[in-house]
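Structure first, commentary second.
Every number for a ligand or one of its atoms is a count from 1 in the order of the listing. What you see below is based on every heavy atom in this structure, not just the backbone, and it leaves out hydrogens, waters and symmetry mates.
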Amino acid sequence: MSNTYEIITVPHPVLKQKAQAVSKVDDTIRKQMDGMLQTMYDAPGIGLAANQVDILNRVLVMDLKKRVERGYESEDGDDGDEKEEAIGPIFMANPEIIYESEEMSVMEEGCLSIPKQYAEIERPAIVRVKYLDYDNKEAELEATGLLSHCVQHEIDHLNGILFIDYLSTLKRNMIVKKVEKLKKQDLL
Ligand code: NI
């Protein structure tokens, strides 16, 4: 059983800060990765970046397999793509997008730091990401579909960017207010 973390929510200032690169993936970082993965499973979610647990290093975890196994399906009942993307857990340190397609993709996104709020976000449909894996080895991942949205969303976190930053100021402020209200009412 790994240690777990508390997930911070908007408008916590650490969510707006840029995380720093790690020098290597050692036992300390692996312990953090394990703890973040457990925290993400408990939430439950499909991705989590270090900023969200109040740590400012460039570490993220993802697991889309859990989503399929736990029986989440898109509302139109088409889960074919999600099954293809059933991979994980994926651990990344210092992830860098080295290719993004011109073709764009729109998907509804949510975020554990912005609980119960969702919006359609447009991003490059395909990205290739270079990173250090759990064993400190250089690795690459080509992502499409949900995985592509997820990895771009998590890398955004490491740069202090949230999915609501792609919305109008009005919409963004409304969402933050809603989350604060839910928090006050103890509904999160
Ligand atoms: Ni998020």
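- Protein atoms of type N/O/S that fall under 2.8 Å from the Ni ion (ligand 1) number 3 in this view.
- Asp27 has a carboxylate O that lies under 4.0 Å from a charged side-chain N of Arg30, or vice versa, which qualifies the two as a salt bridge.
- Nearest approach of Met36 to Ala50, heavy atoms of both residues: CE-N, 3.5 Å.
- Connectivity analysis of hydrophobic side chains (ILVMFWY, heavy atoms under 4.5 Å, direct or indirect) links Ile126 to Tyr99.
- Residue Pro11 comes nearest to Val176 through the heavy atom pair CB-CG1, 4.1 Å, listed as atom of the first residue, atom of the second, then distance.
- Side chain of Gln52 to backbone of Ala49: a donor-acceptor contact under 3.5 angstrom is found.
- Comment: Arg123 does not engage Glu100 in a salt bridge, judged by the lack of any side-chain N to carboxylate O separation of less than 4.0 angstrom.
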